[in-house]
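This report refers to the structure that appears directly beneath it.
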Protein chains: 2
Amino acid sequence: MKIDINTRKKKCSCMSCELRNLVFSFLEEADVQLVCETREEKSFAKGEIIHHEGDMIRDFKYLKSGLVKLYKTTSEGDEQIITITRPFEFVSNTSIFHEEKYRYSLSALEDSIVCCIRIDLIRELILRNGKFALNLISVLARTSENIISLSLEIRKRNLAGRIAYVLLYFSKELYHSRIFELPVSRKEIADLISMSSANVIRTLSEFRRDGIINSNGRTIEIPDMNKLEMISMRG
Amino acid sequence: MKIDINTRKKKCSCMSCELRNLVFSFLEEADVQLVCETREEKSFAKGEIIHHEGDMIRDFKYLKSGLVKLYKTTSEGDEQIITITRPFEFVSNTSIFHEEKYRYSLSALEDSIVCCIRIDLIRELILRNGKFALNLISVLARTSENIISLSLEIRKRNLAGRIAYVLLYFSKELYHSRIFELPVSRKEIADLISMSSANVIRTLSEFRRDGIINSNGRTIEIPDMNKLEMISMRG
DNA sequence: CGCGGCTTTGATGTTCATCAAGTAAAGTGG
DNA sequence: CCACTTTACTTGATGAACATCAAAGCCGCG
């Protein structure tokens, strides 16, 4: 599905937005109105970059729909993927409150809609609404904790364990299904778990040969969760 | 230096505390007084555990002096060190605002003093003081970003690069000196960079043989920063 | 002074990266 | 729409990097 550049900015009602409960649950009606009027909703097609590391931070962004990856490009030019997240889990790069520029890049793995609210407005709301501030701290903390936790889970495993972990993550956390379409290339899995793409492919092939998964291109089926969980645990 | 258990709780004036500027710069005098009256200052000897993962969270903690490590114990029983920090950089595990129990353990690498403020009081201050909240968000975000950044720096390097990076971190960030005492065992370095302790030792020996460092037990001297930086960059 | 933990070094084998070569798939331009 | 180009994927072979195991020395502590 291609997205026309003219549809980049559109409006809907914030009052009924399902995400209002996540971040803006403690705002009064008037403030919700204020947010609603000044915000911009932007659509990004699969593969598009939402922001680059080094870009000036102007907006507080959260994901309304789609799937994104947060990543950093090393000086050698390869990507380190920090996290892959969906709406309701992802809010924003936490550096927005203490830095001028983004540390990490963000791009869309699926067609995505991002809601952008001026960071100045968020600051203002924090200043005058304690409940909003307290809730926001909690949401931001959760986002960071998820990233840290993911990194710990990955770094303690070997190649097979990492891949099993990632497949289970996609299956259980993102798609809630035993069958799903991988939203990423083999290379991107490699960039997420810090292994070579050749070995990611090899391991997926071995899983297929051993009946741990059925796969066809990016379609993955997990016939027996327990087997994969065993590999994830002992790897 | 041994610390008597009776000195665990002591008081000093918060008004003049150098850390007031970091976290409590936007409190009014009366609130600083309130914090000062209810807080507890606890001393921990080198090696003591400040809290275990799984402990109930009651306090907002920050480090007044000393050096601590934040870590997680895996189901196999080995430690993954998340970060090693000093005062002025470290504030607290960010899970305090959205979880009941600590996710990670914290222990003292050097004799340390931790200032403990009831989390309820911090919440109250957030609710009624927007500037305090905004500043706190910024400090918490910085803490998380440092952890994420460290993990990215480590995971993109090989063994020698990781060790060079860690030595430079100790030298430049923690001790601001070309000569310093390692605050951690070889095994703890291994737990920080996710490598085996035997290979950490081997690499340090090689660095010594090659004149990259001079070392005697835990004393490390870096005769030529550039050499180590070269290894850190290309590794 | 003897015990246990940390450190050190060597030998061995496993794991993983790299290189290369080929195939499939997907976009691109005429 | 087809030929072309590019990118993603796949597999095997090779070697480098790293873990593991083992034995010995050192040090601090009770």
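Not measured: the values here are computed from a predicted model.
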At under 4.0 Å, does any side-chain N or O of A/N199 touch on OP1 or OP2 of C/dA17?
yes
Would you mind reading off the distance between A/R186 atom CZ and C/dT23 atom P, rounded to a whole angstrom?
19 Å
Within the structure shown, what part of the strands sits under 4.0 Å from B/S185 by heavy-atom distance: base, sugar-phosphate, or nothing?
sugar-phosphate
Look at the aromatic rings of B/Y165 and B/Y169 and report parallel, tilted or perpendicular, splitting at 30° and 60°.
parallel
Write down the distance between NZ (B/K46) and C1' (C/dC6), rounded to a whole number of angstrom.
13 Å
Salt-bridge present (A/R58, A/E40; N to O < 4.0 Å)
yes
Using 30° and 60° as the class boundaries, would you call the ring planes of A/F180 and A/Y175 parallel, tilted or perpendicular?
parallel
So does A/K101 pair up with A/E99, basic N to acidic O under 4.0 Å?
no
Is B/S197 touching bases, backbone alone, or none of the nucleic acid, heavy atoms closer than 4.0 Å?
nothing
Which whole-number value in Å describes the distance from A/F207 CZ to D/dT10 C1'?
17 Å
To the nearest Å, give me how far apart CD1 (B/I231) and C1' (D/dA17) are.
16 Å
Find the distance B/L204:CG to C/dT8:P and express it as a whole number of Å.
7 Å
Spacing of B/I189 atom CD1 relative to C/dC6 atom P, expressed in whole Å
14 Å
Nearest to the side chain of A/R202, heavy atoms from C-beta on, is which of D/dA13, D/dC9, D/dC21?
D/dA13
Does B/E206 come within less than 4.0 Å of B/R202, counting only side-chain N to carboxylate O?
no
How many Å lie between CD1 on B/I201 and P on D/dA22, as a whole number?
17 Å
Would you call B/K69-B/E79 a salt bridge at under 4.0 Å N-O?
yes
Mapping A/R157 and A/N216 to their closest nucleotides on DNA chain C, which lands nearer the 5' end?
A/R157
Students often get this wrong, so: under 4.0 angstrom with heavy atoms, is A/L159 touching a base, only sugar-phosphate, or nothing?
sugar-phosphate
Quick check: are there more than 12 heavy atoms from other residues, nucleotides or ligands sitting under 6.0 Å from CG of A/D210?
yes
Could you check how far CG of B/L182 sits from P of C/dC6, rounded to whole Å?
15 Å
Among C/dT7, D/dC9, D/dA19, find the nucleotide with the atom closest to the side chain of B/M195.
D/dA19
Taking five pairs at each end of the helix from C/dC1-D/dG30 to C/dG30-D/dC1, what angle separates the two helix axes (nearest 10°)?
50°
Residue A/S205, side-chain atoms from C-beta onward, closest of D/dC9, D/dT10, D/dT20:
D/dT10
